[in-house]
Structure formats: C-alpha cells, structure tokens
Amino acid sequence: MKGLFTFAASVVFSLSMMSVGMNVAHAFLKGPEDGHTGSPADNFATCATAGCHDSFALNSGSAVFSISAPDTYTPGEEVSITVSFSDSSSAKHGFQLSALDAKNEHVGLFNNVDNKTQTGEGDYISHTERGTDGSSWTVVWMAPSSPADDPVTIYGAGNEANGNGTNKGDYIYTTTASMVAEDAVPGSCAAKSIEVPNSKIKLLFGESDEVTVTVTGANGCAAEGVKVTASLSKAGNKRVEISPESVETNENGEARFTITAKEKNGNAKVTFKADGIKGKKGKAKLVVKVRKK
C-alpha cells in the first residue's frame with residue numbers, strides 16, 4: 001500500500017512539473033517577460049538561461065536575426081524599426097527589443113503598429129501569440145524630444161522556436177543597431193545659437209566694417225545653410241546701412257555683413273536673427289556708434 005502511494009505521488013509530481021513547463025512555454029508564446037534583450041540594462045540577460053530556452057548556447061543557431069533601423073533619428077519624431085529572422089525554417093519565432101542611450105539608460109518609447117507586437121510602459125516591445133506565426137515584425141520607436149546621449153543602441157533578442165509546445169529545442173539570438181540624432185552626424189548640424197564677436201563697434205562718417213556672425217549647434221558644430229537676417233532700429237536706419245539684409249551661413253557657420261556709416265551722429269542698434277532658433281538664443285545684437293571724427 002505504501003509503495004502504491006509513493007508511485008501515485010510521483011505521478012502527480014511529474015504531471016505538475018510538466019504542467020509548469022507547458023505553462024512557461026505558453027507564457028513565452030504570448031511574449032517574454034521584460035528584461036531579456038541582452039542589454040547592459042538587463043544585465044545581459046536573455047531567455048537562453050537555465051530553466052528557460054537553454055537547449056543550445058546563445059547565438060549558436062544557423063538563422064540570421066537582425067534589426068533594420070535608420071542611422072539617424074529626429075528628436076521627437078517616430079522611427080520605424082523592423083526586426084526579423086532569415087534563413088530559418090522553424091515553426092515559430094519571437095523577439096524582444098529595448099533602446100538604451102550611451103549611459104545604458106532606457107530612452108524613447110516603443111509603440112505597436114499591429115496585433116503582432118505588444119509593449120507595456122514602452123521600454124520594451126515583444127511579439128504576441130499571433131506574432132509568433134511570422135518571422136518579421138515592424139515596430140515604432142518614438143525618439144525623445146531632445147537628442148539623447150548618443151548613440152542610441154537598439155538591443156534585440158530573438159527566439160527561433162521549433163513549435164513543440166515546450167521550452168526545449170529552441171535557439172536564442174541577440175543583435176543590435178545604433179542611431180544618432182541628425183545634428184550629431186558629421187556634416188549636419190542643427191542650429192542652436194547665434195553670436196557676434198563684439199557687442200559694440202565704432203564707425204566714422206562714410207566708413208565701412210565687416211561683421212561676421214556665427215551660428216552653432218548644441219555640440220559646438222558649425223551650422224551651415226542657416227538664413228541670418230539683419231534688421232535695424234528706427235534710429236539706426238538714419239545712421240547706417242547693412243548689406244546684404246540676409247545671408248546663409250557658410251560651411252563654418254558664418255554669415256558676413258557689411259555695415260556702412262551715414263553722415264549722422266548717434267548709435268544704431270542692429271539685430272541679427274537666425275532662422276529656426278526660438279527665443280533669445282536665436283538673436284544677436286550689435287550697437288554701432290557713428291561719429292564725425
């Protein structure tokens with residue numbers, strides 16, 4: 001009788017363990033728990049761990065798991081990202097993505113475009129149960145409103161599953177893709193401020209002087225192709241002339257203007273304004289003192 005009881009208990013325990021295993025496999029069919037993208041923020045954790053999809057070593061399969069993302073992003077705008085498997089004949093596939101800045105902190109927010117993906121608070125995005133039938137997914141990443149500490153790295157982990165309803169016999173892969181803000185790209189610079197070398201100059205009647213204003217980006221880069229317009233106060237119109245009235249900055253972020261004094265004593269106030277820059281940083285002011293001698 002005791003032996004029969006022991007046998008029965010063993011059967012119950014075995015069935016319980018099988019149920020747990022099936023529940024774990026089914027749970028991941030619906031999407032993995034957050035924190036398994038292999039990123040530094042996840043302590044490099046993936047689903048290729050003991051008790052999970054641990055049949056094979058990480059990245060030991062023959063399929064290709066990849067992330068397709070642009071090289072640059074525009075702050076505050078959406079970025080379309082595609083994650084996919086190729087050279088795979090497996091029945092099921094899954095993935096999870098996260099985005100980290102250079103400080104390994106989550107940045108931006110992920111959003112779904114269809115019912116094949118899902119996200120919680122936006123730091124992670126992964127497949128849904130419906131999404132496991134395919135091998136490619138498109139998601140949207142909303143960039144932060146201001147440039148992050150670049151580069152932004154998209155970390156991804158993928159599951160090439162055999163579809164047997166368990167967590168055994170599946171391959172786990174990892175990959176990354178990087179992006180930088182547009183004004184961080186060499187040769188491209190978003191204007192952030194404008195400056196003049198001196199706040200005051202002196203001119204005698206009929207004299208001319210060249211004034212160079214400089215437009216720079218947040219990282220000190222030279223903002224090329226920015227339109228700069230010069231305007232005079234009402235009194236200034238009687239004392240000086242400016243040529244040209246507007247000009248685009250050159251490759252050094254410089255715009256040059258010629259100021260010529262008329263024959264009238266007094267001060268002329270000149271304001272240089274750079275297109276695309278809001279507030280005080282988009283204006284530079286100069287006082288011209290006009291004297292007979």
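No hydrogens, no waters, no symmetry mates; every other heavy atom, side chains included, goes into these values. In what follows, residues are counted from 1 in the order of the sequence shown.
Summarising the geometry, atom NZ belonging to K92 is positioned 11.5 Å from atom CG belonging to N159; distances are rounded to the nearest 0.5 Å. A distance of 8.0 Å separates OG1 of T153 from CG of N104, quoted to the nearest 0.5 Å. The OG1 atom of T128 sits 7.5 Å away from the CG atom of D114 when rounded to the nearest 0.5 Å. In this structure, CD1 in I259 is found 9.5 Å from OG in S208, a value given to the nearest 0.5 Å. Of the inter-residue distances, the one linking D209 atom CG with K202 atom NZ reads 13.5 Å to the nearest 0.5 angstrom. Atom-to-atom distance recorded for K227:NZ and D275:CG is 6.0 Å, nearest 0.5 angstrom.
V113 and M142 are not part of a single hydrophobic cluster, where members link through side-chain heavy atoms under 4.5 Å apart. Both I81 and F85 belong to a single network of hydrophobic side chains, linked directly or stepwise wherever heavy atoms of I, L, V, M, F, W or Y lie under 4.5 Å apart. Linking ILVMFWY side-chain heavy atoms closer than 4.5 Å, directly or via other members, places V196 and V270 in a single hydrophobic cluster. Each of L97 and L109 belongs to its own hydrophobic cluster when Ile, Leu, Val, Met, Phe, Trp and Tyr are linked at side-chain heavy-atom distances under 4.5 angstrom. Criterion: ILVMFWY side-chain heavy atoms under 4.5 Å apart, direct or through other members. Under it, W141 and F95 are part of a common hydrophobic cluster.
Between S39 and F44 there is no side-chain heavy-atom pair separated by less than 4.5 Å. A 4.5 Å side-chain heavy-atom check between N250 and R256 finds at least one atom pair inside the cut-off. Residues E195 and T212 are not in side-chain contact: their nearest non-hydrogen atoms beyond the backbone lie 4.5 Å or more apart. Using a 4.5 Å heavy-atom cutoff, the side chains of V226 and I194 are not in contact. Using a 4.5 Å heavy-atom threshold, the side chains of S80 and T138 count as touching. The shortest side-chain heavy-atom distance between E241 and K262 falls under the 4.5 Å cut-off. For the pair V211/F272, a side-chain contact is recorded, criterion being any heavy-atom separation below 4.5 Å from C-beta on. Counting only heavy atoms from C-beta outward, the side chains of E254 and T249 never approach each other to under 4.5 Å.
The aromatic rings of Y171 and F56 sit parallel, their planes meeting at an angle under 30°, below the 60° perpendicular limit.
Of all the heavy atoms in H127 and W137, the pair that sits closest is CB-NE1, 4.1 Å. Shown here for I277 and K192, the closest heavy-atom pair between the two residues is CG2-O, 3.4 Å. The two residues C189 and A222 have their closest heavy-atom pair at CB-O, 3.4 Å. Taking all atoms of both residues into account, the shortest heavy-atom contact from P151 to S178 is CB-CB, 4.4 Å. The two residues V152 and A148 have their closest heavy-atom pair at CG2-CB, 4.0 Å.
For CD of E210, the number of neighbouring non-hydrogen atoms (other residues, nucleotides, ligands) closer than 6.0 Å is greater than 12. The neighbour count for K200 NZ, taken as heavy atoms of other residues, nucleotides or ligands under 6.0 Å away, does not exceed 12. Counting non-hydrogen atoms of other residues, nucleotides and ligands closer than 6.0 Å to CD of E248 gives a total above 12.
In this structure, the side chain of N265 engages the main chain of K292 through a donor-acceptor pair within 3.5 Å. For the pair D150 (side chain) and A181 (backbone), a donor-acceptor distance under 3.5 Å is present. Checking side-chain atoms of R239 against main-chain N and O of A261 turns up no donor-acceptor pair under 3.5 Å. Using a distance-only test at 3.5 Å, with no hydrogens or angles considered, no donor-acceptor pair links the side chain of T176 to the main chain of I154. Judged by distance alone, the side chain of D170 and the main-chain N or O of N162 form a donor-acceptor pair under 3.5 Å. Using modelled atom types, no side-chain atom of S136 and backbone atom of S84 make a donor-acceptor pair closer than 3.5 Å. Not one N or O on the side chain of Q118 forms a donor-acceptor pair closer than 3.5 Å with the backbone of I125. Within the 3.5 Å criterion, the main-chain N or O of Y124 finds a donor-acceptor partner in the side chain of T119. Here the side chain of Q96 pairs no donor or acceptor atom with the backbone of G38 at under 3.5 angstrom. At least one donor-acceptor pair under 3.5 Å links the side chain of D42 to the backbone N or O of T37.
SG distance check for C52 and C47: not under 2.5 Å.
Applying the side-chain hydrogen bond (donor to acceptor under 3.5 Å, both in side chains) test between E160 and each of S89, S88, S135 identifies S88 as the sole match.
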H106 and D123: CA distance, side-chain angles, deciding distance, side chain to side chain donor-acceptor pair (under 3.5 Å) verdict: CA-CA 6 Å; H106 290 279; D123 286 343; 4.5 Å; no
Review item, side-chain donor-acceptor pairs of residues 57-70, under 3.5 Å, at least two apart:
| from | atom 1 | to | atom 2 | distance (Å) |
| --- | --- | --- | --- | --- |
| N59 | OD1 | T174 | N | 2.8 |
| N59 | ND2 | T174 | OG1 | 3.0 |
| S60 | OG | A57 | O | 2.6 |

